[in-house]
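Keep in mind that what you see is a predicted model, and the values were worked out from it rather than measured.
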Amino acid sequence: VARGGRATVPGMRLRCRVHNQFGAERTFGIGFMSHKRENARRAADEKRAAKAQAATGARAAADARAAAAAERAKELDVVPWLRRLGFRADEARRAAARCEAIPDASLEERVRLALSFLCPRAASRDFRPAERRVGTAA
């Protein structure tokens with residue numbers, strides 16, 4: 001096949017790697033086959049290096065995404081803020097679980113939702129002074 005023949009079953013010979021290389025060197029010459037083997041080795045090394053670099057880049061990108069997600073989760077975690085307001089840890093965790101329904105909301109919106117769960121009556125009250133309320137008589 002390498003010299004222009006056709007690949008047919010009767011024309012095939014089963015050889016081990018060493019004998020195949022020996023036959024190729026006898027047919028094409030030692031220098032030619034050494035050059036071909038070196039080119040094949042170089043191409044395989046480049047392919048391995050590119051694959052390793054891609055894996056490293058993908059791993060670094062995944063690590064960066066995970067770190068960003070962890071940072072965002074930390075920013076949006078309402079439990080510490082509820083604990084600072086005096087709520088027990090179990091109450092804060094239950095309220096935080098309600099906030100999982102709005103993952104893209106700001107921290108303020110998540111805390112408001114948690115507080116409305118923890119203090120349903122207080123959430124409906126307007127604590128601003130009467131003179132600051134819109135539409136009410138002072």
Side-chain angles (χ1 to χ4, degrees):
V1 173
R3 289 183 291 173
R6 291 180 9 133
T8 60
V9 175
M12 302 280 285
R13 289 189 206 157
L14 183 60
R15 293 181 174 173
C16 70
R17 183 175 183 269
V18 174
H19 280 99
N20 189 52
Q21 290 295 316
F22 176 71
E25 286 176 356
R26 285 184 57 206
T27 303
F28 298 107
I30 294 173
F32 179 81
M33 290 309 298
S34 293
H35 178 70
K36 287 293 185 178
R37 280 192 293 269
E38 183 58 36
N39 285 347
R41 227 179 270 121
R42 201 173 306 122
D45 289 345
E46 288 173 5
K47 185 176 179 181
R48 249 191 313 276
K51 189 175 181 180
Q53 186 178 13
T56 302
R59 197 175 312 118
D63 290 348
R65 283 192 302 272
E71 185 63 32
R72 178 152 169 76
K74 185 176 159 187
E75 287 174 3
L76 297 179
D77 190 14
V78 298
V79 173
W81 301 101
L82 296 174
R83 294 285 290 148
R84 286 182 190 154
L85 290 172
F87 292 100
R88 293 189 323 261
D90 63 320
E91 293 173 326
R93 282 193 300 274
R94 270 198 332 259
R98 295 286 177 122
C99 297
E100 290 175 5
I102 53 170
D104 295 333
S106 68
L107 177 61
E108 181 181 352
E109 292 170 328
R110 292 169 59 86
V111 170
R112 285 180 189 266
L113 178 65
L115 287 172
S116 69
F117 169 72
L118 291 169
C119 308
R121 286 178 283 161
S124 64
R125 293 188 211 143
D126 192 354
F127 292 105
R128 291 176 294 164
E131 63 273 2
R132 297 194 72 201
R133 293 185 199 148
V134 177
T136 59

If you measure from [atom1] on [X] to [atom2] on [Y], what distance do you get to the nearest 0.5 Å?
{"X": "L85", "Y": "C119", "atom1": "CG", "atom2": "SG", "result": "9.0 Å"}
{"X": "R42", "Y": "N39", "atom1": "CZ", "atom2": "CG", "result": "5.0 Å"}
{"X": "R94", "Y": "R88", "atom1": "CZ", "atom2": "CZ", "result": "7.0 Å"}

Connected hydrophobic set around M33, excluding itself, where side chains approach under 4.5 Å: F28, F32

Derivation and outcome, side-chain contact (heavy atoms from CB on, under 4.5 Å), residues F22 and R15: CA-CA 10 Å; F22 176 71; R15 293 181 174 173; over 6 Å; no

Pair R112 + E109, salt bridge at N-O below 4.0 Å: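 Answer for the salt bridge query: no.
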
Pair T56-Q53, side-chain contact (heavy atoms from CB on, under 4.5 Å): steps then yes or no: CA-CA 5 Å; T56 302; Q53 186 178 13; 5.6 Å; no

Stepwise salt bridge (Lys or Arg N to Asp or Glu O under 4.0 Å) check, R93 with D90: CA-CA 5 Å; R93 282 193 300 274; D90 63 320; 5.8 Å; no

Verdict with reasoning, E91 to L118, per side-chain contact (heavy atoms from CB on, under 4.5 Å): CA-CA 7 Å; E91 293 173 326; L118 291 169; 3.9 Å; yes

Donor on one side chain, acceptor on other, R17 and N20, under 3.5 Å: no

Residue pair E25 / R37: nearest heavy atoms and the distance that separates them: OE2-NH2, 2.8 Å

Shortest non-hydrogen contact from A96 toward V79: CB-CG2, 3.6 Å

R98 atom CZ, neighbour heavy-atom count above 12 within 6.0 Å: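 Result for CZ/R98: open.
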
Short side-chain to backbone donor-acceptor contact, R110 and V78, under 3.5 Å: no

Test side-chain contact (heavy atoms from CB on, under 4.5 Å) applied to R48 and D45, step by step: CA-CA 5 Å; R48 249 191 313 276; D45 289 345; 2.4 Å; yes

Hydrophobic cluster membership, F117 vs L113, 4.5 Å side-chain cutoff: no

